[in-house]
Number of protein chains: 2
Amino acid sequence: MTAQPVLKAIDIPQLKTVCSSCSLRELCLPMGLSENEIEQLDQLVYTRRRVRRGENIYRAGDPFASLYAIRSGFFKSNVILEDGRDQVTGFHMPGEIMGLDGISADRHACNATALEDSEVCVIPFARLEETSHQVRSLQRQFHKVMSREIVRDQGVMMLLGSMRAEERLAAFLLNLSQRFVARGYSPAEFHLRMTREEIGSYLGLKLETVSRIFSKFQEEGLVSVQQKHIRILHVDGLRALLGRGQ
Amino acid sequence: MTAQPVLKAIDIPQLKTVCSSCSLRELCLPMGLSENEIEQLDQLVYTRRRVRRGENIYRAGDPFASLYAIRSGFFKSNVILEDGRDQVTGFHMPGEIMGLDGISADRHACNATALEDSEVCVIPFARLEETSHQVRSLQRQFHKVMSREIVRDQGVMMLLGSMRAEERLAAFLLNLSQRFVARGYSPAEFHLRMTREEIGSYLGLKLETVSRIFSKFQEEGLVSVQQKHIRILHVDGLRALLGRGQ
DNA sequence: ACGTGGGGTTGATCTGCGTCAATGCGGCGC
DNA sequence: GCGCCGCATTGACGCAGATCAACCCCACGT
């Protein structure tokens, strides 16, 4: 098992954040809030943390106190199983909220590991509940964020429960592409921040299978793959792979 | 595709409900609330609906208006895929809340189908948000309910992503057993409300595989299976099957 | 420039589960 | 009481993806 450095709060510079001037406000918690209301959010989301590649924002079992909105960078959620394997349960990009799993038992249920140097906004949960008690639209938005997480997870369950390997990888690429687009990046060309093994863990496949299918997609002219650099050449071809669920 | 009768609101008798006298209040939304606070819940959860086996409380695409707490009976969440297959995403028993997936897009994302004649309490969501805006502990409890759903889904993702067929079925039986215990039923002996095909769909297996593994478990003396009647004979044996995830 | 190591690719083989097919069983309607 | 139908069981066979193993490539440190 590789060393898993713990985040040292002391080492991390505390930076001033403001949602009202954040370029991600249309994706993140402020979505749909008025200027006024966003300013109330600014009152509670007042710190930002840098996290370096390989570090965890929180780990399974840690007491739960805050949610984290990704400001820049890329994360995986994962659990270390008894046998030492690292089971990946999700990938997260800027504008997404991590830590929702911790609310139920006041402890985090998984780790949140940075896949590249990143920055997160710290959202103290008690204060979020307090503020959303006052700001109705924030309450509503927060509920939507949680519900979206539930829907997303159920989508993954369906993927794992009913798709074959090729379909899973196609769905994965299309999903990443969509999320990049929503953030103003190219839908067709991006860098994978995770290894083949992490993709495989997330998709319920072995790394060799992931690699083989990338090669197959490449042969078929659907994508161009060079290590972690991906270019989607034929979106509709990938989409066509879904639909017909064996 | 089998006929899927739609719930006719008119046909369903509207019964008076009260959380304060409900035997499930320690599992359901009222958990952790004071007598006073539960009485406020009573104000909003005022109707109950009977649903007969095979009927849906809601279907994917239906506009979202209410959550549903199961008062008695048994449900599955499911999605009908384009090719007509019925993909099961969850099983639900008394005290559990259904419909959380609908919040994110104001439309339900799946069907909720009764696997036996059942009763649910209707929780109008707008009023729940309103009341939880006033009753702090209700807000907190509701957030916990949503978070628990997220954690549960991630558990299923891990099951689907990393376990072999036997492990999945063992985990499934142990999970059912636990949930029955929490409701005061026997941990060891219960009736499955769902078919082998529905179990298989949920666990990402084919019905024949489910059946074979039931037989294998029986040969090994772990459980006794007679059609839908299950008796767990050797809990630790089932538990031992987990742990060592290939 | 060179060596090292972690990730990635590719091939050969194995196997768990899916697929197809036949048979059994039990509950329900007539 | 009888026959039907949906569900469950069991067997034979095939294949997708896992496993094992060799090799490659590139980034990085010295």
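Any value given below was found using the heavy atoms of this structure, including those in side chains, with hydrogens, waters and symmetry copies removed. Please read these numbers as outputs of a predicted model, since none were measured by experiment. Below, read A as the first sequence line, B as the second, and so on, with proteins coming before strands; counting in each chain starts at 1.
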Aromatic ring proximity, centroids under 6.0 angstrom, A/Tyr202 and A/Phe91
yes
Indicate, with yes or no, if the rings of A/Tyr58 and A/Tyr68 have centres closer together than 6.0 Å.
yes
Between the side chains of B/Asp86 and B/Asn78, is a donor N or O closer than 3.5 angstrom to an acceptor N or O?
yes
Positive for side chain to side chain contact (heavy atoms under 4.5 Å, CB included) with A/Leu173, one of A/Leu241, A/Val223, A/Val235:
A/Val223
Calculate the interatomic distance between [X] atom [atom1] and [N] atom [atom2]; express it in whole Å.
X        : N      : atom1 : atom2 : result
B/Glu167 : D/dA18 : CD    : C1'   : 14 Å
A/Phe214 : D/dC25 : CZ    : P     : 19 Å
B/Glu198 : D/dG6  : CD    : P     : 15 Å
B/Met163 : C/dG16 : CE    : P     : 18 Å
A/Leu203 : D/dG17 : CG    : P     : 12 Å
B/Lys216 : D/dA8  : NZ    : P     : 21 Å
A/Arg196 : C/dG7  : CZ    : P     : 12 Å
A/Leu205 : C/dT9  : CG    : C1'   : 16 Å

Is A/Lys216 paired with A/Glu219 through a side-chain N to carboxylate O contact shorter than 4.0 Å?
no
Is the shortest side-chain N to carboxylate O distance from B/Arg50 to B/Glu119 below 4.0 Å?
yes
Under 6.0 Å from the [atom1] atom of [X], do we count more than 12 heavy atoms belonging to anything else shown?
X        : atom1 : result
B/Arg231 : CZ    : no
A/Tyr185 : OH    : no
B/Phe180 : CZ    : yes
A/Glu197 : CD    : no

Between the two end axes of the helix from C/dA1-D/dT30 to C/dC30-D/dG1, each built from 5 base pairs, what angle do you get to the nearest 10°?
50°
So A/Gly204, base contact, sugar-phosphate only, or nothing? Heavy-atom distance under 4.0 Å.
sugar-phosphate
Result of checking A/Arg179, A/Arg148, A/Arg152 against A/Glu96 for side chain to side chain donor-acceptor pair (under 3.5 Å)
A/Arg179
Nucleotides 10-13 of chain C: which of its N/O atoms have a protein N/O under 3.5 Å away?
unit_1 : atom_1 : unit_2   : atom_2 : d
C/dT10 : OP2    : A/Ser215 : OG     : 2.5
C/dG11 : N7     : A/Arg212 : NH1    : 2.8
C/dG11 : O6     : A/Arg212 : NH2    : 3.2
C/dA12 : N6     : A/Arg212 : NH2    : 3.4

For a quick check, with a 4.0 angstrom heavy-atom cut-off, what is the B/S/- contact string for nucleotides 23-30 of chain C, read 5' to 3'?
--------
Output yes when at least one side-chain N/O atom of B/Lys206 is less than 4.0 Å from OP1 or OP2 of C/dT19, else no.
yes
Would you say a side-chain N or O of B/Lys228 is under 4.0 Å from OP1 or OP2 of D/dA8?
yes
